[in-house]
2 protein chains.
Amino acid sequence: MFAEIITIGDELLIGQVTDTNSAWMGRELNKAGIEVIRVVSVRDRAEEITEAVDDAMKRVDIVLVTGGLGPTKDDITKQTLCTYFGTELVFSEEVFENVKRVLAGRIPMNALNRSQAMVPKDCIVINNRVGSASVSWFERDDKVLVSMPGVPQEMTTVMSEEIIPRLREKFDTDIIIHKTFTVKNYPESVLAEKLESWEVALPECIKLAYLPKPGIIRLRLTGRGKQKEEVRMLMDMEAGKLEELLGDDIFDEDDTPLEILVGNLLKKKNLTVSTAESCTGGSIAARLTSIPGSSEYFKGAVVAYSNEIKEALLHVSTKTLEKRGAVSEETVVEMVKGAMETLKTDCAVSTSGIAGPGGGTREKPVGTVWIAAAYKNEIRTMKQETDRGREMNVERAGNNALLLLLELLK
Amino acid sequence: MFAEIITIGDELLIGQVTDTNSAWMGRELNKAGIEVIRVVSVRDRAEEITEAVDDAMKRVDIVLVTGGLGPTKDDITKQTLCTYFGTELVFSEEVFENVKRVLAGRIPMNALNRSQAMVPKDCIVINNRVGSASVSWFERDDKVLVSMPGVPQEMTTVMSEEIIPRLREKFDTDIIIHKTFTVKNYPESVLAEKLESWEVALPECIKLAYLPKPGIIRLRLTGRGKQKEEVRMLMDMEAGKLEELLGDDIFDEDDTPLEILVGNLLKKKNLTVSTAESCTGGSIAARLTSIPGSSEYFKGAVVAYSNEIKEALLHVSTKTLEKRGAVSEETVVEMVKGAMETLKTDCAVSTSGIAGPGGGTREKPVGTVWIAAAYKNEIRTMKQETDRGREMNVERAGNNALLLLLELLK
């Protein structure tokens, strides 16, 4: 079963907002056996919306439209879809009650909020329990088009609770199985060479894709077909061959973010963690705490951008800073020890480097980052090199720090 | 001048990777007077790529294609474009030299890397100085299609250095001016009502759009036309009217991220800053340090997830924690004072709250966050309420903390 996503809004085209909805929808639809074959973003113009909708309705059975449902003038999706489907907007008492309930206490009602209760006559209207824009479900010639709000929290709620269950019920969906292997220690082309003869021999219904991230490569195996058992068996067989080829260089098989892998391991072993961050600026702590329940194992962090703080809170010695410099193996080792001591945790990671674009020297060019991970008395370090821009240097240092800790704990 | 972007890769459709390239390209092309009217993401399938390319070539003069240029089997963009444009792949010595240079010292060369030097015969080949995949510039009937790598750092480098300058030279581009006002203190519908009569009277060539973010609303005014002076004059006039309507509730007119606004003000006033973070988990420090040069004013942070650390490093009193709880006005006030003291800075922000999904109580439901900002002896606090999900609660708390500090410093 194939679907297309249409995201509407000038802000997407001029790049003021990054479309994160489509990726989320792609993931969730896949799990339900619905494959997204195209994502189209168009401006808030009736003729452009209509063209995208019409093309999609010709190509696939399921069209999911997000955005353009706000109470303001620039939002025209609802009216445009009414024209396309030959229907009109009518006032819905039920939707109005929901708008009042959602906005209760937050803001005063006005005529614009009232307009949120105008819904297409000839469609199924689905309530949005977390927002004021309702969802319209149109059916034509056994095809479905659903128009929903573009606000991420509203979209994810209505998709999970209402739209995906209804789509599964209506369509006889294909089986799609993904398995994603996260691999360390390989440049993409070297890995590809190693896997080539296995890859060319893959059965027709199984595809391989390479998804590199800073410091790691993800390999995604996708199987699809009508026979659940057959697809699953073939996938297991090929996964087994891959595991044999790569051994311990595969460190995860569920595309789990590193912060969750580390968190799960800490919980299992009943250990606590902290971070001492210089060039990563708190981003490792932010990643670890982005996981619900992380307060079980994460206790805190010291972000030590200045040398004073490295000395005062992490007990890095003045001598080390003077002789070796802040970006050195000795400094990150003292930092990681300092973190475990000051923040009273069983393990810790530390980073110190030159994120760029300024601050590089001949000896320590931009991109140089020292990283340490410690578990009680055991400490591992690594040096990250080559500049990929400030943002990537920081993200890669975070990945490497978490990987280093993961290896140490295993 | 209109353009379309086509991003290629299965990983985009199944949501394993979020397409951030299109937003960046949209922004940069706009500055060059080129308007992106559609973004299409398709899978790594020849017929789907061809269909998207053919549609786009009919609609617009400029088509920008990213992705599918890696050395591995799943990447088929180059071959597909050759077939579409009726040409073939040939070996380029020059590109091969670049591939060798880029990969030098990083990884061993192999046959796959050699395939990176195969380029379409009938096109202009542009070197990629930061990666191994080259850029192909096709021209047909005065229209241009450019195929470039999807790796963000490679795409941004070749776009900035090579592609945009060449497009500006080839096409006589329209004038597009954006002005984005960041507004605080308004729910979207209340703001829309206040602006309605001004909005309906806007001249034809000027459009208004609402772009809400957690805790703030951005208003984007877009003017376009052939006459630079006329568009600029009309924009200035309408911007003036808007400033009169909203006064001090507009706190920025250049769509500047809050972390840059705060950073610029600190630099100007020659002040230093630190953060004391509980529920935001280091994300405010990470945002502040994401800005190049932030080491001038950012000294460090204490992420105090546990009460022990709030006491030990930030000197929050046991009595306060026991009587008022960690999520209280008193606690964030003591935290912000503690940060200035421990980290020796002129100002600081602090947060403590229940990010969710667990941990809420009747008195302090999920979503409750106390926030403080301090500058020397002056302290301001605020309470953030209503749960929008963990990620949004944290992002909004960060926005509110930076806003509070901004107001205090102004």
Side-chain angles (χ1 to χ4, degrees), chain A residues 10-11 13-18 20 23-24 26-27 30 36-43 70-74 107 110 112-113 153 187-190 192-193 199 208-211 220 281-283 285-286 289 292-293 295 298-306 309 343 357-358 388-390 392, chain B residues 10-11 13-18 20 23-24 26-27 30 36-43 70-74 106-107 110 112-113 153 187-190 192-193 199 208-211 220 281-283 285-286 289 292 295 298-306 309 343 357-358 388-390 392:
Chain A
D10 288 1
E11 67 278 16
L13 283 308
I14 71 158
Q16 218 146 5
V17 165
T18 298
T20 54
W24 186 94
R27 272 194 305 277
N30 249 282
V36 175
I37 62 163
R38 188 186 272 234
V39 176
V40 179
S41 302
V42 291
R43 304 187 293 178
T72 51
K73 281 223 165 3
D74 53 319
I107 56 167
N110 63 19
L112 284 173
N113 293 137
Q153 201 219 345
E188 185 174 351
S189 64
V190 178
E193 200 172 44
E199 187 183 352
L208 175 72
Y210 284 75
L211 312 168
R220 191 191 59 234
S283 62
T289 57
S295 56
F298 179 81
K299 290 185 70 183
V302 170
V303 180
Y305 236 49
S306 75
I309 297 177
L343 303 164
R388 310 258 167 106
R390 187 176 180 90
M392 284 271 263
Chain B
D10 288 2
E11 67 278 16
L13 283 309
I14 72 160
Q16 218 146 5
V17 166
T18 298
T20 55
W24 186 93
R27 271 195 305 277
N30 250 282
V36 176
I37 61 163
R38 187 186 273 237
V39 176
V40 179
S41 302
V42 292
R43 303 187 294 178
T72 52
K73 281 222 164 6
D74 53 318
R106 275 210 250 162
I107 58 167
N110 64 19
L112 284 173
N113 293 136
Q153 200 218 346
E188 185 174 349
S189 62
V190 177
E193 200 173 44
E199 187 183 352
L208 176 73
Y210 285 76
L211 312 168
R220 191 190 60 234
S283 62
T289 58
S295 57
F298 179 82
K299 290 187 68 183
V302 170
V303 180
Y305 236 48
S306 76
I309 296 176
L343 302 164
R388 310 257 166 107
R390 186 176 181 92
M392 283 270 263

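Numbered from 1 within each chain, the chains take letters A, B, ... in sequence-line order.
- R390(A) meets the salt bridge (Lys or Arg N to Asp or Glu O under 4.0 Å) test with no other residue; sequence neighbours excluded.
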Between F298(A) and V303(B), does a side chain to side chain contact (heavy atoms under 4.5 Å, CB included) hold up when you go through it step by step?
-> CA-CA 10 Å; F298(A) 179 81; V303(B) 180; 3.8 Å; yes
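- When atom types are taken as modelled, the side chain of R43(B) and the backbone of I37(A) share no donor-acceptor pair closer than 3.5 angstrom.
- Of the listed residues (V42(A), V302(A), V39(A)), the greatest number of heavy-atom pairs within a distance under 4.5 Å of chain B belongs to V39(A).
- Looking only at heavy-atom pairs under 4.5 Å with chain B, the residue among S306(A), A192(A), A301(A), P357(A) that has the most is A301(A).
- The CZ atom of R220(B) sits 5.0 Å away from atom CD of Q16(A), with the distance rounded to the nearest 0.5 Å.
- Scanning all heavy atoms of the two residues, the minimum distance from T18(A) to A23(B) falls at OG1-CB, 3.6 Å.
- Between chain A and the options I309(B), L208(B), I14(B), the largest number of non-hydrogen pairs under 4.5 Å is found for I14(B).
- Only the side chain of Q153(A) comes within contact range of chain B, judged by heavy atoms closer than 4.5 Å.
- Chain A forms more heavy-atom pairs under 4.5 Å with one residue of G282(B), G26(B), S41(B) than with any other, namely S41(B).
- Both the backbone and the side chain of D10(A) come within contact range of chain B, judged by heavy atoms closer than 4.5 Å.
- Within the 4.5 angstrom heavy-atom criterion, only backbone atoms of A304(A) (N, CA, C, O) approach chain B.
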